There are 2 protein chains.
Amino acid sequence: MNIVDSCAYPVMNMNSLILEKIGSLNYQKTPVPDVNYGEILLKVTHCAVCRTDAKMWKMGQRDLVVPRILGHEICGYEMDGHKRFVIWPGKACGACVQCRQGTENLCEKMEITGFHKNGGFAEYVTVPKSSLIPIPDELPGDIAVLAEPLACTINALERINVTAGSNVLIYGAGPAGLLMALAVKEKNANPFIIEINPDKLKISKKFQNEIGIKTAQEFNLMKFEFVINAASSVDTFLNGLNRLKNGGGFCLFSGFTDSKSIPAALINEIHYKQLKVAGAYGCTRKQIKEAVEILTKHKNIVVFLIEEHISLEQVSSVFPKILSSAVLKFVVEL
Amino acid sequence: MNIVDSCAYPVMNMNSLILEKIGSLNYQKTPVPDVNYGEILLKVTHCAVCRTDAKMWKMGQRDLVVPRILGHEICGYEMDGHKRFVIWPGKACGACVQCRQGTENLCEKMEITGFHKNGGFAEYVTVPKSSLIPIPDELPGDIAVLAEPLACTINALERINVTAGSNVLIYGAGPAGLLMALAVKEKNANPFIIEINPDKLKISKKFQNEIGIKTAQEFNLMKFEFVINAASSVDTFLNGLNRLKNGGGFCLFSGFTDSKSIPAALINEIHYKQLKVAGAYGCTRKQIKEAVEILTKHKNIVVFLIEEHISLEQVSSVFPKILSSAVLKFVVEL
């Protein structure tokens, strides 16, 4: 069967999950998408559920255009040849200042898969050929889907130039914070995690032990070279800046979902202590490639981050859990 | 006369200006200071008045210990040999992490001349030998004193990695903002200044024209690679972050003196646009040396920044002017 040829006529249908508008998710048949110039049709095998997917369903997101098939942590294979890929969920112009200086995640004409264009919560997805990142045979698809979130954490560490031997404090022991700790470890630095929900600390104990993550009480008086928020409360910023040594760096990895205001006196500390606060949003292809290597090396540990393999129909029922409970990573199998 | 020998007995007196406590400044005779191991006694020829001096007099400062002879923008000569120097107003331990990584201005045992120890509003000052930066014969002392404030602006540009060809928006056309523009120009970047006080723009017209600084209305819709506050209102931060291109850098060069709070939504922009906010506080010896070179090259332009040469007795009368009026740089001649 050659899906690409058959796209034109008759139209083939596929199972998909569409966010019609904020709060309204439909599991339904939709046409297999047309393949445009420079694109490829990918058969999706796995798509992980990101907290941002749940957030988009609940309250929208800056870059979301509805109706939309969500899902941007995708693994699949091409119809000819069956080569397996994860995708960089971006389509960058390659010509703007941002692309030229290596920050293609800030491309001025960026279209994000699962945000501006349809994503991986479907049997098929079209992807720019240039966004395909090949994966080795020994990397299972349900682990490979973590390449995108892991790459985002690598981007965070690069934004504040995390150095070998440094101590890095991470707010939040959700999947993002835990992957961040893995990335920190890969930089030969030391990950510490603060998590206010004791249940979250419990469910990831196995992963923490394997990676060598220090948690909570052990470091109440410590100051850190680097602090990163992998949790969306403004408190992470209010408290985190005070945990930095002079000259230290804070990475705003997670956007805030609450709206507490921030006293000018705290921002003044950035001046007096020569702190650096850097935002991180998304990742680049280079970072996804690096993530694939790390996942391949540590697949037997990363597997502890998977909460459950689910079907497309189950996604809507896990969104509320992701937003409110102590859960690890849900991976949709197609 | 050998001042150093005569320090021990009998005690010689000198004219000095002492901040007894916040708001209380005394012009009085005090003993010429003892010279400790590793120090030198410098005969002060010039000491410029920094806005921070006026701020310390009015409201104190984090690093100020009173009673104190203020003044940290110092030029003078050694008693033997009459070699001329400006000083790096720091005494760093040389052994802590900060010193070892080249950020000696953040030294964990830092003592700042004119803050923790007595400064240049006096006929003599003792300075660590290691903090002396020689100046060339052709650089007049009243220009040389600007090496320290200029070095602080160089530190600011280095903190956000200002690149050649970039557009840099500076808030504030006081002496610090104008020196910042000079430093920007020396990086082959393009300085733009916003100043809310039209009088301030008027009095520095000559300097602006010589350097090639663009001001106000000309760039209302422009976005910038870099923004720096050389003004102490929180508004510079609230407005300035919005003037940045994606991936741009904001330098918190001036501490805030007002206490407006900052909405979390603005800090969220740091995340979404991958902005960088970096504090700058003080400078290093290397930056003072660079500043001396720039001043020597541009002494005929920098002279336009001098408002008036004054005596030690006049300092108390210029503090209120510095805090409230459109004035350039006052330089004390001793």
Side-chain angles (χ1 to χ4, degrees), chain A residues 61-63 96-98 101-103 105-108 110 155-156 158-161 163 166 225 229 232-235 237-238 241 244-282, chain B residues 61-63 96-98 101-103 105-108 110 155-156 158-161 163 166 225 229 232-235 237-238 241 244-282:
Chain A
Q61 202 266 2
R62 187 190 69 162
D63 290 328
C96 72
V97 172
Q98 301 290 351
Q101 71 190 17
T103 44
N105 51 321
L106 301 181
C107 168
E108 291 166 7
M110 172 61 86
N155 182 45
E158 291 180 358
R159 294 281 301 151
I160 49 174
N161 302 314
T163 45
S166 61
E225 281 85 8
N229 76 327
S232 60
S233 158
V234 176
D235 288 336
F237 187 67
L238 297 174
L241 277 188
L244 282 172
K245 289 187 183 179
N246 286 359
F250 186 104
C251 182
L252 275 163
F253 176 72
S254 176
F256 302 134
T257 47
D258 50 350
S259 58
K260 243 182 209 172
S261 69
I262 292 151
L266 186 74
I267 303 298
N268 245 352
E269 291 298 299
I270 299 174
H271 160 65
Y272 280 115
K273 296 180 179 169
Q274 282 209 169
L275 306 177
K276 210 169 258 184
V277 175
Y281 187 68
Chain B
Q61 202 266 2
R62 188 190 69 161
D63 291 328
C96 72
V97 172
Q98 300 290 352
Q101 70 189 19
T103 45
N105 51 320
L106 301 181
C107 169
E108 291 167 7
M110 173 60 87
N155 182 46
E158 289 180 358
R159 294 281 301 150
I160 49 176
N161 301 316
T163 46
S166 61
E225 280 86 7
N229 76 328
S232 59
S233 159
V234 176
D235 287 336
F237 188 67
L238 297 173
L241 276 188
L244 283 172
K245 289 186 182 178
N246 286 0
F250 186 103
C251 182
L252 275 163
F253 176 71
S254 177
F256 302 134
T257 48
D258 50 350
S259 58
K260 244 181 208 173
S261 69
I262 292 151
L266 185 74
I267 304 297
N268 244 352
E269 291 298 299
I270 299 174
H271 161 66
Y272 281 116
K273 296 180 179 169
Q274 282 209 169
L275 306 179
K276 208 168 260 186
V277 176
Y281 186 68

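If you're wondering where the values come from, they're calculated on a predicted model, not measured in any experiment. Protein chains get the first letters and strands the later ones, always in sequence-line order, with residue 1 at the start of each.
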Practice problem: Side chain from CB out, backbone as N, CA, C, O: work out which of these in A:Q274 comes under 4.5 Å of a heavy atom of chain B, or both, or neither. | Solution: both
Quiz item: Within a strict 4.5 Å, meaning less than it, do heavy atoms of the B:I267 and A:I267 side chains meet?
Solution: yes
Quiz item: Below 4.5 Å, heavy atoms only, C-beta onward: do B:Y281 and A:K273 meet side chain to side chain?
Solution: no
Practice problem: Select one option (side chain, backbone, both, neither) describing which atoms of A:D63 are under 4.5 Å from chain B's heavy atoms. | Solution: neither
Quiz item: What are the two closest heavy atoms between A:S261 and B:S261, and how far apart are they?
Solution: OG-OG, 3.5 Å
Quiz item: When you measure from the side chain of A:N268 to the backbone N and O of B:F256, does any donor-acceptor pair fall under 3.5 Å?
Solution: yes
Quiz item: Of all of A:L252, A:L266, A:I262, which one pairs up most often with chain B through heavy atoms under 4.5 Å apart?
Solution: A:I262
Self-check item: Pairwise distance CD(B:Q101) to CD(A:E225) - rounded to 0.5 angstrom
Solution: 8.5 Å
Quiz item: Relative to chain B, which segment of A:N229 carries a heavy atom at a distance below 4.5 Å: side chain, backbone, both, or neither?
Solution: neither
Self-check item: Atom group of B:Q61 that falls short of 4.5 Å from chain A, counting heavy atoms
Solution: side chain
Quiz item: Are any of the side-chain heavy atoms of B:K245 and A:V97 separated by less than 4.5 Å?
Solution: no
Exercise. Select, from A:V234, A:L275, A:I160, the one with the greatest count of heavy-atom pairs under 4.5 Å involving chain B.
Key: A:L275
Exercise. With a 4.5 angstrom heavy-atom cut-off, could you sort out which part of B:F253 is near chain A: side chain, backbone, both or neither?
Key: backbone
Exercise. Taking all heavy atoms of A:I270 and all of B:A278, pick out the closest pair and write down the distance.
Key: CG2-C, 4.1 Å
Quiz item: Non-hydrogen atoms of chain A under 4.5 Å away: do they reach the side chain of B:N155, the backbone, both or neither?
Solution: side chain
Quiz item: Is it the backbone or the side chain of B:L106 that comes under 4.5 Å from a heavy atom of chain A, or both, or neither?
Solution: both
